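Notes for the one structure printed next.
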Number of protein chains: 2
Amino acid sequence: MQLNGYRTIDDDVVFRALADPSRRRLLDGLQAQGGQTLGGLTSGLSMTRQAVAKHLDILERANLVSSRRCGREKLHFINPIPINAIAERWISKFDQPHVAALSALKQTLEGEFDD
Amino acid sequence: MQLNGYRTIDDDVVFRALADPSRRRLLDGLQAQGGQTLGGLTSGLSMTRQAVAKHLDILERANLVSSRRCGREKLHFINPIPINAIAERWISKFDQPHVAALSALKQTLEGEFDD
DNA sequence: TTGACATGCAACCATTAAGTTGCCTATTTT
DNA sequence: AAAATAGGCAACTTAATGGTTGCATGTCAA
């Protein structure tokens, strides 16, 4: 388990990254299709490419998105781990333990049908 | 299941409320002890009472905190439901189901030993 | 090699947001 | 009633943030 100080800082970067609706939409887009380029993500977002680039940078710093340079393109991928970690930490932090446990169990059971 | 438009708006209010570290600390405080007053929450936060009041207002609007007037005092309580809902929605939204299920199970088991 | 395409970088602008100060209202308490 | 306590309201300051424009760099294709 991590030290509290570090955890707080990490949380802060992630929460702030998630606070903007445009960034959440970008995550939606990357969830729908991984490996999209900056230009690809920009088209349809009624925002300049540069603005999208800034958002992607924030998402990358929050470790919510990872990217790979490929020639003159940069491919972006969603990184679900921090979202998962933070969400679960907050469930266990702010919920009555039994509620969290029940939800977790429900999730667990539902998960069995997916593979 | 809610309509997507409404959900997005709700999400936005909650995410923005959670984006500020002072507000997350307030939630921590209310989790540790419910029914605290504005003044009580202010003491120890190196912030003016008015600033705390603004934060509490934002948390209330996000439905993360509820309050009850009691004489000249206002008592505040954490409302875990939206956190739970949003966290779970994001787990299922952005994670491979089996990863979420495994983590959830792990959390459930470990949760028994947590403070 | 030249032009087109994909991205990077930097300055700038407008708005929001966090926090402050100052004052007012309401409820206790003595 | 008067003083003390708890909170509400509003204007203001400052810094962060989301977005823009303009130009530079790197890569691919003809």
Side-chain angles (χ1 to χ4, degrees), chain A residues 8-30 33-79, chain B residues 8-30 33-79:
Chain A
T8 304
I9 291 174
D10 283 358
D11 279 10
D12 198 56
V13 177
V14 176
F15 274 118
R16 289 165 99 100
L18 291 177
D20 185 86
S22 298
R23 287 193 284 273
R24 293 198 302 277
R25 285 195 64 182
L26 283 173
L27 288 180
D28 285 342
L30 289 177
Q33 184 187 347
Q36 293 192 67
T37 69
L38 171 58
L41 286 165
T42 301
S43 71
L45 272 194
S46 71
M47 215 188 312
T48 59
R49 173 182 54 78
Q50 289 89 334
V52 176
K54 282 189 185 178
H55 285 309
L56 287 174
D57 186 60
I58 291 174
L59 289 170
E60 283 200 59
R61 287 178 195 277
N63 205 27
L64 292 167
V65 162
S66 60
S67 66
R68 187 173 68 226
R69 192 68 191 246
C70 193
R72 64 178 163 179
E73 294 184 331
K74 194 177 170 192
L75 309 181
H76 298 82
F77 301 87
I78 194 173
N79 179 16
Chain B
T8 303
I9 291 175
D10 283 358
D11 279 11
D12 198 54
V13 177
V14 176
F15 274 119
R16 286 157 91 120
L18 291 177
D20 185 89
S22 298
R23 286 193 285 271
R24 293 197 302 276
R25 287 195 63 183
L26 283 173
L27 287 180
D28 286 341
L30 289 178
Q33 184 187 346
Q36 293 191 69
T37 68
L38 172 58
L41 286 165
T42 301
S43 71
L45 271 196
S46 70
M47 216 187 313
T48 60
R49 172 181 55 80
Q50 290 88 334
V52 176
K54 283 190 186 178
H55 284 309
L56 286 175
D57 185 60
I58 290 174
L59 289 171
E60 283 201 59
R61 287 177 195 279
N63 206 26
L64 292 167
V65 162
S66 61
S67 67
R68 186 172 69 226
R69 194 70 192 248
C70 193
R72 64 177 165 183
E73 293 183 331
K74 195 178 171 192
L75 309 181
H76 298 83
F77 302 87
I78 194 172
N79 179 16

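So you know, we letter chains A, B, ... as the sequences are listed, proteins then strands, and number each from 1. Please read these numbers as outputs of a predicted model, since none were measured by experiment.
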Rounded interatomic separation in angstrom, taking NE2 from B/His76 and P from D/dG7 | 8 Å

Contact summary for A/His55 and A/Ser22, nearest pair of heavy atoms = NE2-CB, 3.8 Å

Can a donor-acceptor pair under 3.5 Å be found between the side-chain atoms of A/Gln50 and the base atoms of D/dG22?
-> yes

Side-chain donor/acceptor of B/Arg49 to base of C/dG19, under 3.5 Å = no

B/Thr48 vs C/dT21: side-chain N/O to OP1/OP2 distance below 4.0 Å = no

With a 3.5 Å cut-off and just heavy-atom distances, do the side chain of A/Arg72 and the base of C/dT7 make a donor-acceptor pair?
-> no

Could you check how far CG of A/Asp12 sits from P of D/dT17, rounded to whole Å?
-> 9 Å

On a plain distance test, is the side chain of A/Glu73 in donor-acceptor contact with the base of D/dG26 below 3.5 Å?
-> no

Is it true that a side-chain atom of A/Asn79 and a backbone atom of A/Asn63 form a donor plus acceptor pair closer than 3.5 Å?
-> yes

Are a donor atom and an acceptor atom from the side chains of B/Glu60 and B/Ser67 found within less than 3.5 Å of each other?
-> yes

B/Ser22 side chain N/O closer than 4.0 Å to the phosphate oxygens (OP1, OP2) of C/dA18?
-> no

Could you give the NZ-to-P distance, from B/Lys74 to C/dT25, as a whole number of Å?
-> 19 Å

Under 4.0 Å: is that the gap between some side-chain N or O of A/His55 and OP1 or OP2 of D/dG19?
-> yes

Student check: side-chain heavy atoms of A/Thr42 and A/Val52 closer than 4.5 Å = yes

Given that B/Lys54 and A/Ser46 both sit by DNA chain D, which one's nearest nucleotide is further toward the 5' end?
-> B/Lys54

More than 12 heavy atoms from other groups under 6.0 Å of CZ on A/Arg68 | no

Which residue, B/Leu56, B/Leu18, B/Leu26, B/Ile78, forms the side chain to side chain contact (heavy atoms under 4.5 Å, CB included) with B/Leu64?
-> B/Leu18

Integer-rounded Å distance: C/dT7 P and A/Asp57 CG | 14 Å

Report the distance from atom CZ of B/Arg16 to atom C1' of D/dT17, rounded to the nearest whole Å.
-> 11 Å

When the distance from CZ of A/Arg68 to P of C/dT7 is rounded to whole Å, what number comes out?
-> 14 Å

Can you name the nearest heavy-atom pair linking A/Ala53 to A/Leu38, along with the distance?
-> N-CD1, 3.7 Å

End axis versus end axis in the helix from C/dT1-D/dA30 to C/dT30-D/dA1, the angle rounded to 10°, five pairs used at each terminus = 20°

Using atom CG of B/Leu56 as one end and atom C1' of C/dA18 as the other, report the distance to the nearest whole Å.
-> 14 Å

Distance, rounded to the nearest Å, where B/Met47 contributes CE and C/dA18 contributes P = 10 Å

